[in-house]
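All values derive from a computational prediction rather than experimental measurement. All residue numbers in this chain count up from 1 along the given sequence. Just follow the structure's listing: the first ligand is 1, and inside any ligand the first atom is 1.
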Amino acid sequence: MIRRLLARLLPGRRTRDPRVYGPDRHRVRRDQLSNAARSVTQKLQEAGFKAFIVGGAVRDLLLDIEPKDFDLATDATPEQVKPLFRRAFIIGRRFRLVHVHVGNEVIEVSTFRAAQTGADATDEHGRLLSDNVYGSQAEDAARRDFTINALYFDPATESIWDYVGGFVDIRARRLKLIGPPVTRYREDPVRMLRAVRLATKLSLSIETRTGEPIPRLAPLMSNVPPARLFDEMQKLLLSGHALETLRSLRAHGLSHGLLPLLDVILEQPFGQKFIDAALAGTDARVREGKGVSPAFLFATLLWHEVLATWNAAKERGERPLPALFDAMDKVLSAQAERIAIPRRFEATIKEIWSLQPRFEQRAGSRPARLMEHPRFRAAYDFLALRGESGEAPQSLVDWWTRFQDADEAEREAMLRPEEAPKKRRRPRGRGRKREPGAGNETGPAPEGGA
Ligand code: ATP
Ligand code: MG
(Lines give C-alpha, C1' and ligand atoms only; values in the text may rest on other atoms or scores of the structure.)
(Ligands and ions follow the chains in the order given, each with its own letter.)
Protein backbone atom coordinates (compact mmCIF):
# COMPACT_ATOMS: atom_id res chain seq x y z
CA MET A 1 0.00 0.00 0.00
CA ILE A 2 2.66 2.49 1.12
CA ARG A 3 4.99 1.31 -1.60
CA ARG A 4 2.32 1.91 -4.19
CA LEU A 5 1.63 5.33 -2.78
CA LEU A 6 5.32 6.12 -2.85
CA ALA A 7 5.58 4.84 -6.38
CA ARG A 8 2.80 7.22 -7.35
CA LEU A 9 4.52 10.17 -5.71
CA LEU A 10 8.05 9.59 -6.91
CA PRO A 11 8.24 11.12 -10.34
CA GLY A 12 10.66 8.62 -11.83
CA ARG A 13 8.41 5.75 -10.92
CA ARG A 14 5.11 7.19 -12.00
CA THR A 15 5.36 5.36 -15.28
CA ARG A 16 5.27 1.87 -13.71
CA ASP A 17 1.58 1.27 -13.13
CA PRO A 18 -0.81 2.08 -15.92
CA ARG A 19 -4.15 3.64 -15.38
CA VAL A 20 -6.66 1.49 -17.18
CA TYR A 21 -9.73 3.21 -18.62
CA GLY A 22 -12.56 0.81 -19.34
CA PRO A 23 -15.13 1.19 -22.11
CA ASP A 24 -17.38 3.19 -19.78
CA ARG A 25 -14.77 5.97 -19.82
CA HIS A 26 -14.38 6.48 -23.56
CA ARG A 27 -16.00 5.74 -26.90
CA VAL A 28 -13.33 3.75 -28.69
CA ARG A 29 -14.71 0.38 -29.81
CA ARG A 30 -13.04 -2.59 -31.42
CA ASP A 31 -15.30 -2.38 -34.47
CA GLN A 32 -13.60 0.92 -35.30
CA LEU A 33 -10.41 -1.00 -35.99
CA SER A 34 -9.66 -2.50 -39.36
CA ASN A 35 -10.24 -6.24 -39.70
CA ALA A 36 -6.54 -6.80 -40.00
CA ALA A 37 -5.76 -4.83 -36.84
CA ARG A 38 -8.35 -6.82 -34.92
CA SER A 39 -7.33 -10.22 -36.19
CA VAL A 40 -3.60 -9.67 -35.67
CA THR A 41 -4.12 -8.48 -32.09
CA GLN A 42 -6.40 -11.40 -31.39
CA LYS A 43 -3.98 -13.95 -32.77
CA LEU A 44 -1.11 -12.63 -30.68
CA GLN A 45 -3.25 -12.61 -27.56
CA GLU A 46 -4.45 -16.16 -28.21
CA ALA A 47 -0.81 -17.20 -28.46
CA GLY A 48 -0.34 -15.84 -24.94
CA PHE A 49 1.28 -12.52 -25.75
CA LYS A 50 0.29 -9.00 -24.86
CA ALA A 51 -0.93 -7.07 -27.86
CA PHE A 52 -2.28 -3.54 -28.13
CA ILE A 53 -3.12 -0.97 -30.75
CA VAL A 54 -0.82 1.91 -29.98
CA GLY A 55 0.19 5.42 -30.99
CA GLY A 56 -1.48 7.58 -33.62
CA ALA A 57 -4.49 5.30 -34.14
CA VAL A 58 -5.60 5.34 -30.49
CA ARG A 59 -5.04 9.06 -30.31
CA ASP A 60 -7.03 9.68 -33.48
CA LEU A 61 -9.91 7.45 -32.39
CA LEU A 62 -10.16 9.31 -29.09
CA LEU A 63 -10.29 12.54 -31.07
CA ASP A 64 -13.00 11.17 -33.39
CA ILE A 65 -10.64 11.10 -36.35
CA GLU A 66 -10.42 8.10 -38.63
CA PRO A 67 -6.92 6.60 -38.25
CA LYS A 68 -4.66 6.37 -41.30
CA ASP A 69 -3.21 3.06 -40.20
CA PHE A 70 -2.91 0.81 -37.17
CA ASP A 71 0.31 0.07 -35.34
CA LEU A 72 0.55 -2.74 -32.90
CA ALA A 73 2.80 -3.18 -29.88
CA THR A 74 3.49 -6.51 -28.25
CA ASP A 75 5.80 -8.28 -25.81
CA ALA A 76 6.49 -10.95 -28.43
CA THR A 77 9.82 -10.68 -30.23
CA PRO A 78 9.84 -10.47 -34.05
CA GLU A 79 10.91 -14.11 -34.17
CA GLN A 80 7.91 -15.07 -32.05
CA VAL A 81 5.52 -12.95 -34.10
CA LYS A 82 6.48 -14.11 -37.57
CA PRO A 83 5.49 -17.81 -37.38
CA LEU A 84 1.99 -16.91 -36.18
CA PHE A 85 1.08 -15.43 -39.56
CA ARG A 86 1.04 -16.65 -43.11
CA ARG A 87 2.38 -13.45 -44.63
CA ALA A 88 4.66 -11.77 -42.13
CA PHE A 89 8.04 -10.22 -42.82
CA ILE A 90 10.70 -9.06 -40.43
CA ILE A 91 12.00 -5.73 -41.64
CA GLY A 92 14.74 -3.38 -40.54
CA ARG A 93 18.23 -4.34 -39.63
CA ARG A 94 19.06 -2.04 -36.74
CA PHE A 95 15.59 -1.86 -35.37
CA ARG A 96 13.53 -4.91 -36.28
CA LEU A 97 9.77 -5.02 -36.61
CA VAL A 98 7.28 -7.24 -38.35
CA HIS A 99 4.99 -6.31 -41.22
CA VAL A 100 1.96 -8.58 -41.14
CA HIS A 101 0.00 -8.58 -44.40
CA VAL A 102 -3.70 -9.33 -44.16
CA GLY A 103 -5.66 -8.84 -47.37
CA ASN A 104 -4.29 -5.61 -48.76
CA GLU A 105 -3.53 -4.16 -45.36
CA VAL A 106 -0.17 -4.10 -43.62
CA ILE A 107 -0.04 -4.02 -39.84
CA GLU A 108 3.22 -2.93 -38.29
CA VAL A 109 3.97 -4.98 -35.21
CA SER A 110 6.73 -3.75 -32.93
CA THR A 111 8.09 -5.29 -29.80
CA PHE A 112 8.02 -3.17 -26.63
CA ARG A 113 11.27 -1.23 -26.50
CA ALA A 114 13.11 0.76 -23.87
CA ALA A 115 14.96 4.02 -24.39
CA GLN A 116 18.65 3.36 -24.40
CA THR A 117 20.74 5.06 -21.78
CA GLY A 118 24.44 5.39 -21.13
CA ALA A 119 27.23 7.47 -22.60
CA ASP A 120 27.43 5.84 -26.01
CA ALA A 121 23.67 5.94 -26.57
CA THR A 122 23.80 9.52 -27.86
CA ASP A 123 26.01 11.71 -30.03
CA GLU A 124 27.68 14.89 -28.80
CA HIS A 125 24.41 16.86 -29.15
CA GLY A 126 22.45 14.36 -27.09
CA ARG A 127 20.85 12.73 -30.14
CA LEU A 128 19.85 9.10 -29.62
CA LEU A 129 21.77 6.88 -31.98
CA SER A 130 19.58 3.84 -31.68
CA ASP A 131 16.52 2.52 -29.99
CA ASN A 132 16.57 -1.20 -30.43
CA VAL A 133 16.58 -2.54 -26.91
CA TYR A 134 13.55 -4.54 -25.90
CA GLY A 135 11.82 -3.43 -22.75
CA SER A 136 8.64 -3.55 -20.69
CA GLN A 137 5.37 -1.99 -21.75
CA ALA A 138 5.95 0.85 -19.28
CA GLU A 139 9.34 1.52 -20.82
CA ASP A 140 7.82 1.37 -24.26
CA ALA A 141 5.35 4.07 -23.23
CA ALA A 142 8.09 6.24 -21.75
CA ARG A 143 10.28 6.20 -24.86
CA ARG A 144 7.48 7.57 -27.06
CA ASP A 145 7.32 11.27 -27.89
CA PHE A 146 4.06 12.78 -26.60
CA THR A 147 1.73 11.57 -23.86
CA ILE A 148 -1.18 11.36 -26.31
CA ASN A 149 0.91 9.09 -28.55
CA ALA A 150 1.57 6.61 -25.77
CA LEU A 151 -1.88 5.14 -25.21
CA TYR A 152 -2.53 1.41 -25.64
CA PHE A 153 -5.91 0.07 -26.67
CA ASP A 154 -6.78 -3.54 -25.93
CA PRO A 155 -9.50 -4.63 -28.38
CA ALA A 156 -10.45 -7.66 -26.24
CA THR A 157 -11.55 -5.58 -23.25
CA GLU A 158 -11.94 -2.26 -25.09
CA SER A 159 -9.83 -0.64 -22.41
CA ILE A 160 -7.11 1.97 -22.74
CA TRP A 161 -3.86 1.65 -20.82
CA ASP A 162 -2.14 4.88 -19.92
CA TYR A 163 1.31 5.10 -18.32
CA VAL A 164 2.01 8.78 -18.89
CA GLY A 165 -1.20 10.76 -18.47
CA GLY A 166 -2.09 10.91 -22.15
CA PHE A 167 -5.77 10.18 -21.57
CA VAL A 168 -6.41 13.39 -19.64
CA ASP A 169 -4.18 15.34 -22.02
CA ILE A 170 -6.35 14.27 -24.94
CA ARG A 171 -9.43 15.40 -23.07
CA ALA A 172 -7.71 18.74 -22.45
CA ARG A 173 -6.53 18.82 -26.09
CA ARG A 174 -2.99 19.34 -24.85
CA LEU A 175 0.22 18.24 -26.53
CA LYS A 176 2.79 17.36 -23.94
CA LEU A 177 6.19 15.72 -24.29
CA ILE A 178 6.92 12.75 -22.09
CA GLY A 179 9.87 13.53 -19.83
CA PRO A 180 12.12 16.60 -19.68
CA PRO A 181 11.57 18.55 -22.92
CA VAL A 182 15.13 19.70 -23.58
CA THR A 183 16.54 16.18 -23.21
CA ARG A 184 13.78 14.70 -25.34
CA TYR A 185 14.36 17.22 -28.15
CA ARG A 186 18.09 16.67 -27.98
CA GLU A 187 17.54 12.92 -28.24
CA ASP A 188 15.58 13.45 -31.43
CA PRO A 189 15.17 16.98 -32.84
CA VAL A 190 12.49 15.73 -35.25
CA ARG A 191 10.17 15.76 -32.23
CA MET A 192 10.10 19.56 -32.56
CA LEU A 193 8.76 19.21 -36.05
CA ARG A 194 6.28 16.59 -34.89
CA ALA A 195 5.08 18.83 -32.06
CA VAL A 196 4.18 21.61 -34.47
CA ARG A 197 2.75 19.21 -37.06
CA LEU A 198 0.53 17.32 -34.62
CA ALA A 199 -0.64 20.42 -32.76
CA THR A 200 -1.70 22.02 -36.03
CA LYS A 201 -3.26 18.94 -37.56
CA LEU A 202 -5.21 18.00 -34.44
CA SER A 203 -5.92 21.53 -33.14
CA LEU A 204 -4.13 20.93 -29.85
CA SER A 205 -2.40 23.50 -27.72
CA ILE A 206 1.26 22.85 -27.09
CA GLU A 207 1.86 22.73 -23.37
CA THR A 208 4.12 25.60 -22.26
CA ARG A 209 7.05 23.45 -21.14
CA THR A 210 6.85 21.51 -24.39
CA GLY A 211 6.72 24.58 -26.63
CA GLU A 212 9.09 26.88 -24.81
CA PRO A 213 12.49 25.34 -25.77
CA ILE A 214 11.69 24.90 -29.48
CA PRO A 215 12.97 28.24 -30.87
CA ARG A 216 16.13 27.87 -28.82
CA LEU A 217 16.80 24.28 -29.89
CA ALA A 218 15.74 24.73 -33.52
CA PRO A 219 19.37 24.72 -34.75
CA LEU A 220 19.60 21.06 -33.69
CA MET A 221 17.49 20.24 -36.74
CA SER A 222 20.63 20.60 -38.83
CA ASN A 223 21.92 17.47 -37.14
CA VAL A 224 19.05 15.26 -38.36
CA PRO A 225 19.81 12.84 -41.21
CA PRO A 226 18.25 14.15 -44.48
CA ALA A 227 16.27 10.97 -45.15
CA ARG A 228 14.41 11.24 -41.83
CA LEU A 229 13.74 14.87 -42.45
CA PHE A 230 12.24 13.99 -45.80
CA ASP A 231 9.86 11.47 -44.21
CA GLU A 232 8.62 13.96 -41.64
CA MET A 233 8.43 16.81 -44.15
CA GLN A 234 6.39 14.65 -46.47
CA LYS A 235 3.97 13.78 -43.67
CA LEU A 236 3.70 17.44 -42.86
CA LEU A 237 3.13 18.53 -46.42
CA LEU A 238 0.55 15.83 -47.08
CA SER A 239 -1.32 16.30 -43.82
CA GLY A 240 -4.06 18.43 -45.34
CA HIS A 241 -2.88 21.29 -43.11
CA ALA A 242 0.38 22.13 -44.82
CA LEU A 243 -0.19 25.84 -45.16
CA GLU A 244 -1.09 26.30 -41.53
CA THR A 245 1.70 24.01 -40.36
CA LEU A 246 4.38 25.81 -42.35
CA ARG A 247 3.19 29.10 -40.89
CA SER A 248 3.37 27.63 -37.45
CA LEU A 249 6.84 26.20 -38.14
CA ARG A 250 7.99 29.69 -39.02
CA ALA A 251 6.45 31.09 -35.87
CA HIS A 252 8.44 28.52 -33.90
CA GLY A 253 11.63 29.34 -35.76
CA LEU A 254 11.71 25.90 -37.37
CA SER A 255 11.35 26.60 -41.07
CA HIS A 256 14.84 27.89 -41.42
CA GLY A 257 17.16 25.42 -43.05
CA LEU A 258 14.50 22.77 -43.66
CA LEU A 259 13.96 23.67 -47.25
CA PRO A 260 16.84 25.95 -47.97
CA LEU A 261 15.80 29.52 -47.78
CA LEU A 262 12.14 28.72 -47.27
CA ASP A 263 12.14 31.84 -45.15
CA VAL A 264 13.60 33.91 -47.95
CA ILE A 265 11.20 32.42 -50.48
CA LEU A 266 8.24 33.18 -48.31
CA GLU A 267 9.37 36.76 -48.00
CA GLN A 268 9.48 37.37 -51.75
CA PRO A 269 6.18 38.90 -52.90
CA PHE A 270 5.51 36.27 -55.57
CA GLY A 271 7.09 33.42 -53.66
CA GLN A 272 4.72 33.81 -50.74
CA LYS A 273 1.65 33.87 -52.94
CA PHE A 274 2.88 30.99 -55.04
CA ILE A 275 3.54 28.70 -52.10
CA ASP A 276 0.29 29.71 -50.43
CA ALA A 277 -1.62 28.87 -53.59
CA ALA A 278 0.22 25.57 -54.00
CA LEU A 279 -0.31 24.49 -50.42
CA ALA A 280 -3.94 25.58 -50.34
CA GLY A 281 -4.52 23.46 -53.45
CA THR A 282 -2.73 20.48 -51.94
CA ASP A 283 -4.58 20.80 -48.65
CA ALA A 284 -7.90 20.87 -50.46
CA ARG A 285 -7.01 17.75 -52.45
CA VAL A 286 -5.88 15.86 -49.36
CA ARG A 287 -9.05 16.76 -47.50
CA GLU A 288 -11.14 15.59 -50.44
CA GLY A 289 -9.26 12.30 -50.37
CA LYS A 290 -7.65 12.92 -53.77
CA GLY A 291 -4.12 11.91 -54.58
CA VAL A 292 -1.29 14.37 -54.26
CA SER A 293 2.08 14.09 -55.93
CA PRO A 294 4.99 14.75 -53.60
CA ALA A 295 7.14 15.57 -56.63
CA PHE A 296 4.73 18.31 -57.68
CA LEU A 297 4.74 19.70 -54.18
CA PHE A 298 8.51 19.78 -53.88
CA ALA A 299 8.68 21.33 -57.34
CA THR A 300 6.50 24.19 -56.10
CA LEU A 301 8.39 24.65 -52.85
CA LEU A 302 11.70 25.03 -54.65
CA TRP A 303 10.54 26.89 -57.76
CA HIS A 304 11.35 30.38 -56.58
CA GLU A 305 14.78 29.23 -55.62
CA VAL A 306 15.21 27.98 -59.18
CA LEU A 307 13.81 31.22 -60.59
CA ALA A 308 16.19 33.37 -58.56
CA THR A 309 19.19 31.29 -59.60
CA TRP A 310 18.04 31.18 -63.22
CA ASN A 311 17.39 34.93 -63.42
CA ALA A 312 20.79 35.72 -61.95
CA ALA A 313 22.43 33.55 -64.61
CA LYS A 314 20.43 35.17 -67.40
CA GLU A 315 21.46 38.58 -66.14
CA ARG A 316 25.06 37.46 -66.37
CA GLY A 317 24.36 36.84 -70.05
CA GLU A 318 23.99 33.05 -69.98
CA ARG A 319 21.68 31.45 -72.54
CA PRO A 320 18.22 30.88 -71.06
CA LEU A 321 17.70 27.16 -71.42
CA PRO A 322 21.10 25.85 -70.40
CA ALA A 323 20.92 28.33 -67.53
CA LEU A 324 17.58 26.87 -66.43
CA PHE A 325 18.97 23.34 -66.37
CA ASP A 326 21.97 24.58 -64.44
CA ALA A 327 19.76 26.33 -61.92
CA MET A 328 17.64 23.19 -61.45
CA ASP A 329 20.69 21.10 -60.69
CA LYS A 330 22.11 23.66 -58.31
CA VAL A 331 18.91 23.97 -56.33
CA LEU A 332 18.33 20.24 -56.13
CA SER A 333 21.81 19.45 -54.97
CA ALA A 334 21.77 22.20 -52.35
CA GLN A 335 18.49 20.69 -51.21
CA ALA A 336 19.85 17.17 -51.02
CA GLU A 337 22.16 18.21 -48.20
CA ARG A 338 19.17 19.00 -45.99
CA ILE A 339 16.26 16.86 -47.10
CA ALA A 340 16.92 13.83 -49.21
CA ILE A 341 14.38 14.02 -52.00
CA PRO A 342 14.32 10.52 -53.46
CA ARG A 343 15.73 10.21 -56.98
CA ARG A 344 12.44 8.96 -58.37
CA PHE A 345 10.90 12.33 -57.50
CA GLU A 346 13.82 14.32 -58.83
CA ALA A 347 13.22 13.34 -62.43
CA THR A 348 9.58 14.45 -62.26
CA ILE A 349 10.45 17.69 -60.51
CA LYS A 350 12.91 18.53 -63.27
CA GLU A 351 10.39 17.73 -65.97
CA ILE A 352 7.77 19.99 -64.44
CA TRP A 353 10.27 22.82 -64.24
CA SER A 354 11.84 22.35 -67.64
CA LEU A 355 8.46 22.34 -69.39
CA GLN A 356 7.61 25.81 -68.11
CA PRO A 357 9.40 27.80 -70.85
CA ARG A 358 7.69 25.67 -73.47
CA PHE A 359 4.30 27.11 -72.53
CA GLU A 360 5.46 30.38 -74.05
CA GLN A 361 5.76 28.79 -77.46
CA ARG A 362 2.35 29.02 -78.98
CA ALA A 363 3.07 28.77 -82.68
CA GLY A 364 3.12 25.92 -85.16
CA SER A 365 2.93 22.38 -83.89
CA ARG A 366 4.63 23.09 -80.57
CA PRO A 367 1.54 23.45 -78.38
CA ALA A 368 0.11 20.17 -79.66
CA ARG A 369 3.41 18.42 -79.08
CA LEU A 370 3.69 19.84 -75.59
CA MET A 371 0.26 18.45 -74.76
CA GLU A 372 1.48 14.97 -75.60
CA HIS A 373 4.22 15.14 -73.01
CA PRO A 374 3.52 12.70 -70.14
CA ARG A 375 4.02 15.49 -67.60
CA PHE A 376 1.87 18.00 -69.46
CA ARG A 377 -0.93 17.91 -66.91
CA ALA A 378 1.36 18.48 -63.93
CA ALA A 379 3.28 21.17 -65.80
CA TYR A 380 0.04 22.92 -66.75
CA ASP A 381 -1.22 22.83 -63.14
CA PHE A 382 2.13 24.26 -62.16
CA LEU A 383 1.75 27.04 -64.72
CA ALA A 384 -1.71 27.80 -63.33
CA LEU A 385 -0.17 28.31 -59.88
CA ARG A 386 2.42 30.62 -61.39
CA GLY A 387 -0.41 32.57 -62.93
CA GLU A 388 -2.32 32.71 -59.69
CA SER A 389 0.69 34.12 -57.87
CA GLY A 390 1.33 36.74 -60.56
CA GLU A 391 4.66 35.34 -61.67
CA ALA A 392 3.38 34.16 -65.07
CA PRO A 393 0.84 36.15 -67.11
CA GLN A 394 -2.72 35.03 -66.41
CA SER A 395 -3.42 35.50 -70.12
CA LEU A 396 -0.95 32.70 -70.86
CA VAL A 397 -2.69 30.36 -68.43
CA ASP A 398 -6.07 31.23 -69.91
CA TRP A 399 -4.76 30.58 -73.39
CA TRP A 400 -3.67 27.07 -72.39
CA THR A 401 -6.90 26.40 -70.56
CA ARG A 402 -8.88 27.27 -73.70
CA PHE A 403 -6.50 25.52 -76.06
CA GLN A 404 -6.91 22.18 -74.29
CA ASP A 405 -10.68 22.26 -74.63
CA ALA A 406 -10.77 23.69 -78.12
CA ASP A 407 -11.52 21.65 -81.24
CA GLU A 408 -9.21 21.44 -84.22
CA ALA A 409 -10.49 24.57 -85.96
CA GLU A 410 -10.45 26.68 -82.83
CA ARG A 411 -6.95 25.56 -82.04
CA GLU A 412 -5.80 26.48 -85.49
CA ALA A 413 -7.22 29.97 -84.97
CA MET A 414 -5.61 30.31 -81.57
CA LEU A 415 -2.08 29.57 -82.72
CA ARG A 416 0.22 32.52 -82.74
CA PRO A 417 1.92 33.50 -85.97
CA GLU A 418 5.45 32.21 -86.16
CA GLU A 419 7.78 35.01 -85.26
CA ALA A 420 10.99 35.71 -86.97
CA PRO A 421 13.82 34.63 -84.73
CA LYS A 422 15.14 37.34 -82.49
CA LYS A 423 18.18 39.00 -83.89
CA ARG A 424 21.25 37.22 -82.69
CA ARG A 425 24.69 38.44 -83.34
CA ARG A 426 25.85 34.97 -84.28
CA PRO A 427 22.97 32.78 -85.36
CA ARG A 428 23.63 29.16 -84.51
CA GLY A 429 22.32 26.03 -86.12
CA ARG A 430 22.12 24.88 -89.68
CA GLY A 431 19.51 27.10 -91.31
CA ARG A 432 21.09 30.51 -91.34
CA LYS A 433 18.61 31.68 -93.91
CA ARG A 434 16.09 33.62 -91.91
CA GLU A 435 12.85 32.43 -93.39
CA PRO A 436 9.90 33.79 -91.52
CA GLY A 437 8.32 31.00 -89.57
CA ALA A 438 11.35 28.77 -89.47
CA GLY A 439 13.02 30.08 -86.37
CA ASN A 440 12.69 29.50 -82.70
CA GLU A 441 11.07 31.98 -80.43
CA THR A 442 13.16 31.47 -77.38
CA GLY A 443 15.95 29.23 -78.48
CA PRO A 444 15.90 25.46 -78.77
CA ALA A 445 13.02 23.78 -76.99
CA PRO A 446 14.17 21.50 -74.18
CA GLU A 447 12.71 18.54 -76.02
CA GLY A 448 12.06 15.58 -73.80
CA GLY A 449 12.83 17.45 -70.60
CA ALA A 450 15.69 16.62 -68.30
P1 ATP B 1 0.54 10.18 -37.81
O2 ATP B 1 -0.91 10.04 -37.57
O3 ATP B 1 0.85 11.49 -38.44
O4 ATP B 1 1.16 9.01 -38.50
P5 ATP B 1 1.79 9.09 -35.53
O6 ATP B 1 1.84 9.55 -34.11
O7 ATP B 1 1.11 7.81 -35.80
O8 ATP B 1 1.18 10.28 -36.38
P9 ATP B 1 4.14 7.83 -36.56
O10 ATP B 1 5.33 8.46 -37.17
O11 ATP B 1 3.31 6.91 -37.36
O12 ATP B 1 3.26 9.06 -36.06
O13 ATP B 1 4.63 7.15 -35.22
C14 ATP B 1 3.91 6.16 -34.52
C15 ATP B 1 4.20 6.27 -33.03
O16 ATP B 1 5.58 6.08 -32.77
C17 ATP B 1 3.86 7.62 -32.43
O18 ATP B 1 2.51 7.72 -32.09
C19 ATP B 1 4.77 7.65 -31.23
O20 ATP B 1 4.24 6.90 -30.16
C21 ATP B 1 6.01 6.95 -31.72
N22 ATP B 1 6.99 7.90 -32.29
C23 ATP B 1 7.04 8.37 -33.56
N24 ATP B 1 8.05 9.22 -33.73
C25 ATP B 1 8.68 9.31 -32.56
C26 ATP B 1 9.82 10.03 -32.09
N27 ATP B 1 10.49 10.85 -32.90
N28 ATP B 1 10.19 9.85 -30.80
C29 ATP B 1 9.50 9.03 -29.99
N30 ATP B 1 8.44 8.34 -30.36
C31 ATP B 1 8.01 8.46 -31.62
MG1 MG C 1 1.15 6.67 -37.71
> For residues F382 and F274, establish whether the separation of their ring centroids is below 6.0 Å.
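They qualify: ring centres under 6.0 Å apart.
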> Can you name the atoms of ligand 1, numbered from 1 with element, that are less than 4.0 Å from a heavy atom of R144?
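In order of number, 15 (C), 16 (O), 19 (C), 20 (O), 21 (C), 29 (C), 30 (N).
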> Geometry only, no angles: is R184 polar-contacting ligand 1 at N/O separations under 3.5 Å?
no
> Applying side chain to side chain contact (heavy atoms under 4.5 Å, CB included), run through L220 and M192 and close with a yes or a no.
CA-CA 10 Å; L220 289 173; M192 295 190 267; 4.2 Å; yes
> One residue to check: N149. Relative to ligand 1, which of side chain, backbone, both or neither has a non-hydrogen atom less than 4.0 Å away?
both
> Quick test of your reading of the structure: of R194, E232, R228, whose heavy atom lies closest to atom 23 (C) of ligand 1?
R194
> Which ligand 1 atoms does R143 reach within 4.0 Å, using its non-hydrogen atoms?
29 (C), 30 (N)
> Tell me which protein heavy atom sits closest to atom 7 (O) of ligand 1, plus the residue, atom name and distance to 0.1 Å.
G56 CA, 3.4 Å
> Under 4.0 Å from any heavy atom of G55, which atoms of ligand 1 are there?
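What qualifies from ligand 1 is 18 (O).
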> For the residue pair Q137 and Y163, confirm or rule out a side-chain donor-acceptor distance under 3.5 Å.
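Yes, because at least one side-chain N or O of Q137 sits under 3.5 Å from a partner of the opposite role on Y163.
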> Carefully, step by step, assess E105 and S34 under the rule side chain to side chain donor-acceptor pair (under 3.5 Å).
CA-CA 9 Å; E105 247 190 282; S34 69; 2.6 Å; yes
> Parallel, tilted or perpendicular: which describes the rings of F112 and F52, with under 30° parallel and over 60° perpendicular?
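Rings of F112 and F52: tilted, as their planes differ by 30° to 60°.
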> Please report whether the ring centroid of F298 lies less than 6.0 Å from that of F230.
yes
> Under 6.0 Å between the ring centres of Y380 and W400?
no
> Among all protein non-hydrogen atoms, which one is nearest to atom 3 (O) of ligand 1, and what is the separation to 0.1 Å?
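Of every protein heavy atom, R197 NH1, 2.7 Å lies nearest to atom 3 (O) of ligand 1.
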> Among R143, R228, R127, exactly one meets salt bridge (charged side-chain N to carboxylate O under 4.0 Å, His left out) together with D188. Which residue is that?
R228
> Got the closest protein heavy atom to atom 19 (C) of ligand 1, with its distance?
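Here the nearest protein heavy atom works out to D145 OD1, 3.4 Å.
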> Hydrogens and angles aside, do T348 and E351 bring a side-chain donor and acceptor to less than 3.5 Å of each other?
no
> Tell me which protein heavy atom sits closest to atom 14 (C) of ligand 1, plus the residue, atom name and distance to 0.1 Å.
D71 OD2, 3.9 Å
> For atom 11 (O) of ligand 1, what's the nearest protein heavy atom and its distance?
K235 NZ, 3.2 Å
> Going through the distances and angles, do R194 and D145 end up as a salt bridge (Lys or Arg N to Asp or Glu O under 4.0 Å)?
CA-CA 9 Å; R194 290 176 58 84; D145 47 5; 2.7 Å; yes
> Provide, to 0.1 Å, the distance between atom 6 (O) of ligand 1 and the closest protein heavy atom, together with that atom's residue and name.
R59 NH1, 2.8 Å
> Under 4.0 Å from any heavy atom of K68, which atoms of ligand 1 are there?
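That gives atoms 1 (P), 2 (O), 3 (O), 4 (O) of ligand 1.
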> Measure the distance from atom 27 (N) of ligand 1 to every protein heavy atom, then report the residue, atom name and distance (to 0.1 Å) of the closest one.
D188 OD2, 2.7 Å
> Who's the nearest protein heavy-atom neighbour of atom 28 (N) of ligand 1, and how far?
R191 NE, 2.9 Å
